[in-house]
Amino acid sequence: MGASGEISVPATVLLVFGRGVVRTDDGFALTAASTARVLAAAAYVRAHEPFFARAAAPRIVFTGGWPEASEGTAPPPAGAREGDLMLAAAQSAGLGDHADLHAETRSRSTLENLLHTVEDRLLSGYGFGATRPLGLVSHAWHLPRVRFLAGKVLGLRGPALLDVPATGGEDHNDRGALLAARFGFAGVRRAHHLLRRERRMVAVLRATEQLRRRSSRA
């Protein structure tokens, strides 16, 4: 039940956040962490199959292009980006028989995951709140930052967002990135201002890293 005593229902929309792709002899493949997030979405749908059998099929949006903002990674070709490969993995697993699957493949950061999902109208027609939350699929270490940015972009907080944690693939500490986001995006809400602020933050981080490398070689 929700905080007000209202009965909540399973999340009927899931946003699945990518965690990179790797180059292989045959092209590109999902990282183990990205695969774990696809599996978490599939497990969530299976766990709530009786509900979805009575209601409309859930919508699952696999969102991710490539981690350019955090890692400086060059874009994979179209069709081999995070969202593309997660969607293909979900289809191969038969998830398309139980859910409405979509992919967003332009984003280069968690912030852009959310902004481009909105721009592509992949959340249009859905209302979210404490009794009908939006599901966020990622690793537990990443979810606090996703929640913070979802508040900025979507205006959703607290019980309007439902964590669907993935397990396996990697263990990571995202505390520094979360603190940077809270500080860097303070007082900012408009999409173009958020993007401009993120670009500045990325530029500072890269300049700092270059200085560190030069100092270590000196």
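Below, each value reflects all heavy atoms present in this structure, side chains not excepted, and no hydrogens, waters or symmetry copies.
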Qualifying residues under side-chain contact (heavy atoms from CB on, under 4.5 Å), relative to [X], sequence neighbours excluded:
X      : value
Arg157 : Arg189
Ala160 : Leu156
Arg54  : Pro50, Phe51
Arg147 : Leu136, Leu161, Asp163

Discussion item. Does anything in residues 76-86 form a side-chain hydrogen bond (donor to acceptor under 3.5 Å, both in side chains)? List the pairs, not counting sequence neighbours.
Written reply: none
Item to complete: Check step by step if side-chain contact (heavy atoms from CB on, under 4.5 Å) holds for Glu198 and Glu112.
Response: CA-CA 10 Å; Glu198 181 177 68; Glu112 290 190 4; 4.2 Å; yes
Worksheet item: Would Arg37 and Ser138 count as having a side-chain donor-acceptor pair, cut-off 3.5 Å?
Response: yes
Shared ILVMFWY cluster between [X] and [Y], side chains joined below 4.5 angstrom?
X      : Y      : answer
Val13  : Leu143 : yes
Leu178 : Val146 : yes
Phe28  : Leu87  : yes
Val202 : Leu149 : no
Met201 : Leu111 : yes

Practice prompt. Hey, could you give me each pair passing ring-ring contact (aromatic ring centres under 6.0 Å, His included) that has a residue in residues 102-134? Not counting sequence neighbours.
Written response: none
Fill in: ring-ring contact (aromatic ring centres under 6.0 Å, His included): pairs with one or both residues in residues 159-178, sequence neighbours excluded
Trp141-His172
Kindly compute the distance separating [atom1] ([X]) from [atom2] ([Y]), expressed to the nearest 0.5 Å.
X      : Y      : atom1 : atom2 : answer
Met86  : Ser34  : CE    : OG    : 5.5 Å
Lys152 : Leu115 : NZ    : CG    : 12.0 Å
Leu15  : Leu123 : CG    : CG    : 5.5 Å
Thr110 : Phe148 : OG1   : CZ    : 12.0 Å

Worksheet item: Does any N or O in the side chain of Asp120 come within less than 3.5 Å of the main-chain N or O of Leu122, such that one atom is a donor and the other an acceptor?
Response: no
Discussion item. Given 3.5 Å as the limit, does a donor-acceptor pair link the side chain of Arg108 with the main chain of Gly64, or not?
Written reply: no
Closest heavy-atom contact between [X] and [Y]?
X      : Y      : answer
Ala103 : Gly83  : CB-O, 3.6 Å
Leu85  : Ala80  : CD1-O, 3.8 Å
Trp66  : Thr105 : CZ3-O, 4.0 Å
Ser107 : Thr63  : OG-OG1, 4.0 Å
Ala40  : Val137 : CB-CG1, 3.9 Å
Gly65  : Pro76  : O-CD, 4.4 Å

Discussion item. If the condition is salt bridge (charged side-chain N to carboxylate O under 4.0 Å, His left out), which residues does Glu104 pass it with, not counting sequence neighbours?
Written reply: none
Worksheet, complete the sentence: Residue set satisfying salt bridge (charged side-chain N to carboxylate O under 4.0 Å, His left out) with Glu170, at least two apart, ordered chain then number -> Arg19
Would you give me the side-chain donor-acceptor pairs under 3.5 Å for residues 88-99, sequence neighbours excluded?
residue, atom, partner, partner atom, Å
Ser92, OG, Ala88, O, 3.0

Discussion item. Can you list everything that forms a ring pair (Phe, Tyr, Trp, His ring centres under 6.0 Å) with His48? Sequence neighbours excluded, please.
Written reply: Tyr44
Would you give me the side-chain donor-acceptor pairs under 3.5 Å for residues 190-197, sequence neighbours excluded?
residue, atom, partner, partner atom, Å
Arg197, NH1, Gly184, O, 2.6

Discussion item. Counting C-beta onward and ignoring hydrogens, is there a side-chain heavy-atom pair between Leu134 and Leu154 closer than 4.5 Å?
Written reply: yes
Worksheet item: Are Phe17 and Leu114 close enough that some pair of their side-chain heavy atoms sits under 4.5 Å apart?
Response: yes
Item to complete: Go through the steps to decide whether Ile60 and Asp100 satisfy the test side-chain contact (heavy atoms from CB on, under 4.5 Å), and finish with yes or no.
Response: CA-CA 6 Å; Ile60 303 179; Asp100 178 28; over 6 Å; no
